[in-house]
Amino acid sequence: MRRLRPGTATDPAKPLSFRWNGTAFDALAGDTLASGLLANGVRVVGSSVSFGRPRGVMSAGLEEAHAFAQIGEGGASEPLMRATTVDLHHGLVARGLSTKGTLVQGDDPARFEKRHGHCDVLVVGGGPAGLAAAWAASAGGARVILVETTARWGGALGRDLELIDGAPALAWVDRITRDLAARPEVTALRRTTAAVSLDQNGVVLVERLPETTPPDRIRPIRRLWQVRARAVVVATGALERGVVFQDNDRPGVMLASAVRSYWHLHGIAPATVVLFTTNDDGYRTAFDLVEAGVLVRVLDARESIGPVGEQARARGIEVLSNAVVAGTRADQAGLLAAARFQAGRRQGEWPCEVLAVAGGYQPLLDLPAQRPDQSHRIVGAAAGQWSLAECLLDGLDAGVAAAEAVGFGSPGPTRPVVGPDWDRSPGTTLWQVPAPDGDETRSFVDLHRDVTVAGLDRALGAGVRSVEHLKRYTLAGTGIEQGKSAKAAAGAIASDRLGSEKPLGVSTGRPPTEPIAFALLAGRARGDLFEPVRTTPAHPAHVAAGAVFENVGQWKRPRYFPRPGETMAEAVAREARAVRTGVAIMDASTLGKIEVQGADAAEFLDRLYLNRLSSLKVGRARYAAMCRLDGTVFDDGVVMRLAPDRFFVTTSTGHAASVFEWMEEWRQTEWPDLEVWTTSTTEQWATYAVAGPQARTVVQSVAPTCDLSREGFPFLGVRPATIAGIAGLLARVSFSGELAFEVMVQSRHGLAVWNALLEAGTPLGMARYGLEALSLLRAEKGYLIVGQDTDADTSPIDAGLGWMISDKDFLGRRSLEMATHRRSDRKQLVGFLPSDPAIVLPEGAQFVADPTQPKPMTMIGHVTTSHPSPTLGRSFGLALVRGGRDRIGHIVHAPLEDRTVAVEIVDPVFYDKAGARRDG
Amino acid sequence: MLQIRCPWCGPRDEPEFRYGGEAHLRFPGNEADPAAWARFLYYRDNPAGAYRERWVHTAGCRQWFHVIRDTTSHRILGSYRLDEPPERAR
Amino acid sequence: MPEHAFHNPDFLWRNPDPKPSYDVIVVGGGLHGLATGYYLAKNHGIANVAVVERAWLGSGNAVRNTTIIRSNYLRDESAALYEHSLKLWETLAEALDYDLLFDQRGVLQLHHSQADVRSGTRLVHALRLNGIDAEWLDTESVKEFCPLINTSQDIRYPVVGAFLQRRGGIARHDAVVFALARAANRLGVDLIQDCQVTGFEKAGDRVTGIVTSKGRIGAGRIGLVGAGRTPLLAAMAGFPVPIQSSPLQALVSEIVDQVLNCVVMSSGVHVYLSQAHKGELVMGAGRDGYTSYAQRGSFHIIEQQVADALQLFPLFGRIHLLRTWAGIVDVAPDASPIIGPTPVENLFLNCGWGTGGFKATPGSGWVFADTLANGRPHPLVVPFGLDRFERGDLLDEHGAAAVAH
Amino acid sequence: MARLRFEPVRDLGALTAVRPAGRGQGPEASGARARALGGLVAALGALPGENRVASVSGREVLWLGPDEFLIASSLENGSDLEQVLRATGAGAVIDLSSNWVGFDLAGDGARAVLASGCSIDFHPRSFGVGSIAQTSMARVPITIWQRSPEPSYRILVRPSLASYLAAWVADAAGSLEAGSLE
């Protein structure tokens, strides 16, 4: 093949060059990679995956099952692109592939974007029916999105010379697209494929934007649209089918419509063509190419060739009726050299460069096939309309109906006059020509997956009767073209070969209709923008102080604050010591905070929490916990009463959202009779814990007017205070067992107050402490961390929180009364001490009673928290142990990889059992 | 991706909501017998077809409401507020 | 033979019409149903068995999963059951005389937070004492074991360690369907496709047969192995099951060069993936939250899991999503299976495998065949009975709760 | 080139949440609700309808749900307002002045930037001046309302997520300015 003239799609004023398998070629703007290769006489593009047979371009579009290419270089290299759907740009680098892609390491500079779209009517397909539908739908002002897969409007009108209103059809296309461009509520997107159909008329579109080599770092090259439409019109047209015959995979065997397409759109034609057709439409290729001076001969499968065939003969084209291609002959390179035919009793062979196969059209329905509720309106060739006039009318009607259905009128559309019209109907149905020698091992049903008729036979012989098993046994229809060219043929040929049994049908298509690059699916969610990051007001100060951060959900929380040269263990020990012996400060701003207000606030909290909170006095705080309905520990926190009808509740960081939602769920759905409101105030407040024997001194210096004395501000007191000049709240709560104040100020002042506290603490050597030290300090006091020291089946009783349970009703109470919760062998939270005080057991280590038992061993518990304690001068930890409280004082064993450590089960409170230190 | 009509905020995409399972369940109270309690805790209707279910508009107004959805097609037949009967679904 | 079409055998199965009655009917021709039929014949000599399937064999989750096989479950009960299954996998290809492409390439479970690490190390310790292989890898060892993973500490959720089960791996799901069906067929089991169960026949509290689109079929005992459709079957039989059916999506890429040497799972960054023998990447994530029988899920789940995968594997940016699909998974409140007797005599249940069904295939079939053959639960599945919900003795396998304070 | 303005709001003022009294979900749920709403109208001058913002005497009253309004007023009047509202006995009154920070997004490209991260339809037919929505953008929860036809939008976001959202919008705006908007 070569280029004889510019086509309607190519621009001779815009030459470009590209590289293919290392060689530079010239082409024109408007070329696809496939047309660029064909124009340069490149006939072999890749090779077949299983047999290594050479493969060329067989189509001009989406259904391409041969011509695969790796496009681009380095990290921007993209595997398995179909040459027929890649638009050439200057400098593009590509190479041929079989059916396996290559991944290339390196930075990919390209950008991929996403966008949401909304419209009244989405029209999928920019051919005659789709254009007509979009035009009619938008005439009355409805918002319309029209998408077309290729770079050109008009669909088949680009390759099929038709007259509309007495002028070439492309003039009609121009007129319609100009009208659409002038309507402000129309978004018309070319190079855009509808890939996935979502529920409620959502459609995912893939838009290909102009590319450069190398890609620039700013302009996106692809955009993933998620469109919500009120109505969807599908006008995806029809694809021409091939016919399966022996050696039907040779480079040079092409779809007849594709041959016509390359000629009209790209000006490319072969020197000699044999047309093998089952229908009238195929003759278009013969007529159009003969005009270009190509030698064309026709094999018509029908007994009677009809008027169109006669017309061909009248134009001097040799036509054989009742004729089929029985096979092909190749030259030494494996390229098509001749078509072997059988016409009645006559057998013969016609040399040809291209064997154009016209097997009839088949609606392209892979998008609406994704819709079990059939909510898409299908029009035009996709709906089996086989004449242009019908397609246009169908489109116009659908457009009007869609606009009216969503409340927009439409001027009575003028009905275009088509003529003369061609019949595109399938003609005689012919899926396969049996191999004359009976060898079906070279009759390819799925060219991509190298599935042959012999392969289908084998599956049927094995007992396969479902088309889905056929697909899985043979892999027919699983290629990257989504089986567009193979699925129907596989089902039909298999049915045929089974004889009398019912047709097998077509295997189910799965989304998307078009492969989508992973990078496009991720869009902007990569690198620093991968997922939202939450930081506290004092975060800049933590960064400046060299904090090592830990991800806690989306939050960044300081894990510890190492000094130069310090290890984590050293830093944690220092931070913990500061709390026990001096003073230290921690940013607790991520704790969830919920304000609960209303006349029934106390009753509401009583129903949620284990303990009674209605008895809490104003200005007081209480440690409280709640269960799930199944009686397991959900969350804990501090509940503060600010006024008779006003509570301030804290939750763990991880459960802030779920506790809030839990409250709202019960408030709205079960207890609408309570007058109570919950409001999340997590980010209204910055919260800092100042802990240690010197805490009072530090806080007093920033809150000079507040009475912080033991008597004036007792443990679990809460009061408004001015802190560093800022109005806020102070609470005497402690997670370390030491004297501690929780300072709460509006978060807009958070950083300033953090700095003020640090400044006030500096003379006393105040340290910052992070999550590791917190965990250590809490464990020394036996204060559990929900989710770390509890499991999904730990009850509050198991966790040692049974003392909270009051004699009132609360959520989860019913479950706690079940027998299973009274069993003595439940896993209970206890403390433990390794016999060797230098050994720190790993968290997660399992306990056994009998260390000599062979595996599988009977495990009786596991370590939930484990630390070396600078305060205790030894290792210790918390554990959930079966019947743990009865084992206190007993020795159990922790078999580790290399040794077994004896461990004494002890009470979980290791430090200051009397609680004397919290008052300072 | 479903699109769900919040009775308060209008149609929104599914990620704005959280699913709450079967609607119109009655909390049996803490006096329920073991079988009734187990039923309430663990058993939910699971029909193939129209299903009355609860959703909450977490990213929006945070209101719980009801939806009738066909579990075989994901067609949504309507949504209605907690204080409305299913017949008011739209 | 095309290299990628695999070596499927020349003969798979007969397509018989149902007999008037069978000793045992297995309702559900998925992997667990086929395995049950196979083991009934093989282990218990009960060959007068029908496996009835409403569509085609394996048409449910058998062909809608990511084929990951492992036994790294935390609870002793679960670990024993899944380990039993993994051991069977190790000899299954030989037993079935079929190349299942079972490949013990290792399952690597990445951890991205200290809370993750705690649950991961707990799992390692528990598995090791249960006699199941388990290793803990630090970030450097992760890089060594699977160099493709981005172990940079500068990403949003850096890899801080990983759990490795070297005996874990993948198999070719279609081959497993074909192999079990062929083996069951060979032993005389009738595989009846396109046969929808529309009701149960009972004499008092005892089941005596099923009513189907192909007529009535009598049975001595009946096993329900209907995965996501189990609630519908149980409702027909007159009892409820605490199962919610919801979509679990997976996706596959086009075929690329082999680059990924193991199965990678990540709970912090929600994705799991492997590269199949042909070369396609197979990937899954969490299930969609809502009840559904539609075998379709929501697209944002796919978008999210792909973004998650690219965090770990930047190399995959230009790979294409080729196909997505959703299975209907049956999930019990504690995410553990339900196996054993039902309120209806002679009717037994095997469901609730949720997202873990593929790996359990031979183990599930083995214990359920034993249960059906003997009319009582196999010892390994005693804790997994339907009665556990009323007692409150759940077997939580959602994974140890992991939140930090 | 799309013109786009995206900047933090320097003085967002005081934000006060009001939860009108009365039980149940709907505004007609009880007579108490009607009385509470009446009290609020008296105190504020007007209340917005569903999914709307009312601008009255220098204050913006945002509808957030059937039982929640958020009132944006100047900071110095904020605490006065809180006292006034409490005095009406209209229900719960909560200061949320630090719970949110604001951004203004305005100009020709504003809708395109929003469309790249937010699934709500911002077309003037669906969302015009005075429309408000609580939704999410780039997976960050936001409250957004349109303040002028330009268009100009105000976005409230939790302080912890503000820098992430700002970085995200800057990135989206970058591709937009580079001409990808067709």
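Just the heavy atoms: all of them, side chains too, but no hydrogens, waters or symmetry mates, feed the values below. Naming convention: chains lettered A, B, ... in sequence-line order (proteins, then strands); numbering from 1 in each chain. The structure presented is a predicted model; accordingly, all values stated were derived computationally and were not measured.
C:Leu321 CG to A:Phe518 CZ: the interatomic distance, rounded to the nearest 0.5 Å, is 6.0 Å. Residue A:Glu550 holds its CD atom at 7.0 Å from OG of C:Ser113, rounded to the nearest 0.5 Å. To the nearest 0.5 Å, the span separating NZ on C:Lys278 from CZ on A:Arg449 amounts to 5.5 Å. Taking CD from C:Gln258 and CG from A:Leu103, the interatomic distance works out to 10.5 Å, rounded to the nearest 0.5 Å. The OG atom of A:Ser466 lies 10.0 Å from the CD atom of C:Glu53; values are rounded to the nearest 0.5 Å. If you take CZ on C:Arg318 and CG on A:Leu80, they are separated by 14.0 Å, rounding to the nearest 0.5 Å.
Under the rule for a ring pair (Phe, Tyr, Trp, His ring centres under 6.0 Å), C:Trp325 has no partner lying at least two apart in sequence or in another chain. With sequence neighbours excluded, the residues that form a salt bridge (charged side-chain N to carboxylate O under 4.0 Å, His left out) with C:Asp387 are C:Arg391. Under the rule for a side chain to side chain donor-acceptor pair (under 3.5 Å), the partners of A:Ser775 that lie at least two apart in sequence or sit in another chain are A:His867.
In this structure, the side chains of C:Thr121 and A:Pro842 stay at 4.5 Å or more apart for every pair of heavy atoms. Between C:Arg128 and A:Gln846, the closest side-chain pair of non-hydrogen atoms is not below 4.5 Å.
Neither the backbone nor the side chain of A:Ser815 comes within less than 4.5 Å of any heavy atom of chain C. Neither the backbone nor the side chain of A:Ser48 comes within contact range of chain C; no heavy atoms are under 4.5 Å apart. Using a 4.5 Å cut-off between heavy atoms, A:Gln482 touches chain C through its side chain atoms alone. Proximity to chain C (any heavy atom under 4.5 Å) is shown, for A:His469, by both the backbone and the side chain. Interface remark: C:Arg182 contributes no atoms to any contact with chain A (heavy atom separation under 4.5 Å). Using a 4.5 Å cut-off between heavy atoms, C:Leu281 contacts chain A through its side chain alone, with no backbone atom that close. Of the atoms belonging to A:Leu224, it is side-chain heavy atoms, and not backbone ones, that fall under 4.5 Å from chain C. Interface remark: C:Leu251 contributes side-chain atoms only to the contact with chain A (heavy atom separation under 4.5 Å). When heavy atoms are compared at a cutoff of 4.5 Å, A:Ala525 approaches chain C by way of both its backbone and its side chain. For C:Asn130, the parts sitting under 4.5 Å from any heavy atom of chain A are the backbone and the side chain alike. Neither the backbone nor the side chain of A:Ala588 comes within less than 4.5 Å of any heavy atom in chain C. Contacts between C:Leu322 and chain A at a heavy-atom distance below 4.5 Å involve backbone atoms as well as side-chain atoms. For A:Gln554, the parts lying under 4.5 angstrom from a heavy atom of chain C are both the backbone and the side chain. For A:Thr864, the part lying near chain C is the backbone, with the side chain staying farther off; criterion is any non-hydrogen pair under 4.5 Å. Interface remark: A:Val533 contributes backbone and side-chain atoms alike to the contact with chain C (heavy atom separation under 4.5 Å). Heavy-atom distances place both the backbone and the side chain of A:Asn551 under 4.5 Å from chain C. Using a 4.5 Å cut-off between heavy atoms, C:Phe178 touches chain A through its side chain atoms alone. At a 4.5 Å heavy-atom cutoff, the contact between C:Glu390 and chain A is made by backbone atoms alone. Interface residue A:Asp199: backbone and side-chain heavy atoms are both found under 4.5 Å from chain C. Of the two parts of C:Leu191, neither the backbone nor the side chain holds a non-hydrogen atom closer than 4.5 Å to a non-hydrogen atom of chain A. When heavy atoms are compared at a cutoff of 4.5 Å, C:Val124 does not approach chain A at all.
Chain C forms more heavy-atom pairs under 4.5 Å with one residue of A:Ala522, A:Ala819, A:Ala517, A:Ala519 than with any other, namely A:Ala517. Comparing A:Met857, A:Glu514, A:His862 by heavy-atom pairs within less than 4.5 Å of chain C, the highest count is held by A:His862. In terms of heavy-atom pairs under 4.5 angstrom with chain C, the leader among A:Thr478, A:Leu198, A:Leu97, A:Thr508 is A:Thr478. With chain A as partner, the option from C:Leu129, C:Leu57, C:Asp10 having the largest number of non-hydrogen pairs under 4.5 angstrom is C:Leu129. Listed options A:Gln370, A:Met81, A:Glu468, A:Gln105 were ranked by heavy-atom pairs under 4.5 angstrom with chain C; first place goes to A:Glu468.
Under a 3.5 Å cut-off, the side chain of C:Trp13 and the backbone N or O of A:Gly463 do form a donor-acceptor pair. Judged by distance alone, the side chain of A:Arg458 and the main-chain N or O of C:Phe11 form no donor-acceptor pair under 3.5 Å. In terms of modelled atom types and a separation under 3.5 Å, the side chain of C:Thr324 and the main chain of A:Pro511 share a donor-acceptor contact.
Here A:Asp791 pairs with C:Arg122 in a salt bridge; the nearest charged N to carboxylate O distance falls below 4.0 Å.
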* Apply the test side-chain contact (heavy atoms from CB on, under 4.5 Å) to residues A:Arg510 and C:Arg64: give CA-CA distance (whole Å), side-chain angles for both, the deciding distance (0.1 Å), then the verdict. => CA-CA 11 Å; A:Arg510 285 171 168 175; C:Arg64 289 182 170 78; 3.6 Å; yes
* To do: Go through the steps to decide whether A:Lys114 and C:Glu303 satisfy the test salt bridge (Lys or Arg N to Asp or Glu O under 4.0 Å), and finish with yes or no.
  => CA-CA 11 Å; A:Lys114 292 189 185 178; C:Glu303 292 177 280; 2.8 Å; yes
* Report the C-alpha separation of A:Arg823 and C:Asp393 in whole Å, then their side-chain angles, then the decisive distance to 0.1 Å, and conclude whether the salt bridge (Lys or Arg N to Asp or Glu O under 4.0 Å) test is met. => CA-CA 11 Å; A:Arg823 290 205 324 253; C:Asp393 290 334; 3.2 Å; yes
* Run the side-chain contact (heavy atoms from CB on, under 4.5 Å) check on A:Tyr473 and C:Asp174 step by step: do they pass? -> CA-CA 8 Å; A:Tyr473 189 99; C:Asp174 287 335; over 6 Å; no
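Within 6.0 Å of CG in A:Asp528 there are 12 or fewer heavy atoms belonging to other residues, nucleotides or ligands. Within a 6.0 Å radius of CD in A:Glu897, other residues, nucleotides and ligands contribute 12 heavy atoms or fewer.
Of all non-hydrogen atoms in A:Leu896 and C:His125, the two that sit nearest each other are CD2-CE1, 3.9 Å. C:Val256 and A:Pro79 make their closest contact through CG1-CG, 4.4 Å (heavy atoms, listed as atom of the first residue, atom of the second, distance). Annotation for A:Ala462 and C:Pro9: closest pair CB-O, 3.9 Å, computed over non-hydrogen atoms.
Under 3.5 Å, the side chains of A:Arg465 and C:Gln193 contain no donor-acceptor pair of N or O atoms. In the model, C:His320 has a side-chain atom that pairs as donor or acceptor with a side-chain atom of A:Glu78 under 3.5 Å.
Partner of C:Gln114 under the side chain to side chain donor-acceptor pair (under 3.5 Å) criterion, out of A:Glu843, A:Gln788, A:Glu772, A:Arg559: A:Arg559 alone.
Residues of residues 305-315 of chain C that come closer than 4.5 Å to chain A, counting heavy atoms only, are C:Val306, C:Ala307, C:Asp308, C:Leu310, C:Gln311, C:Pro314, C:Leu315, ordered by residue number.
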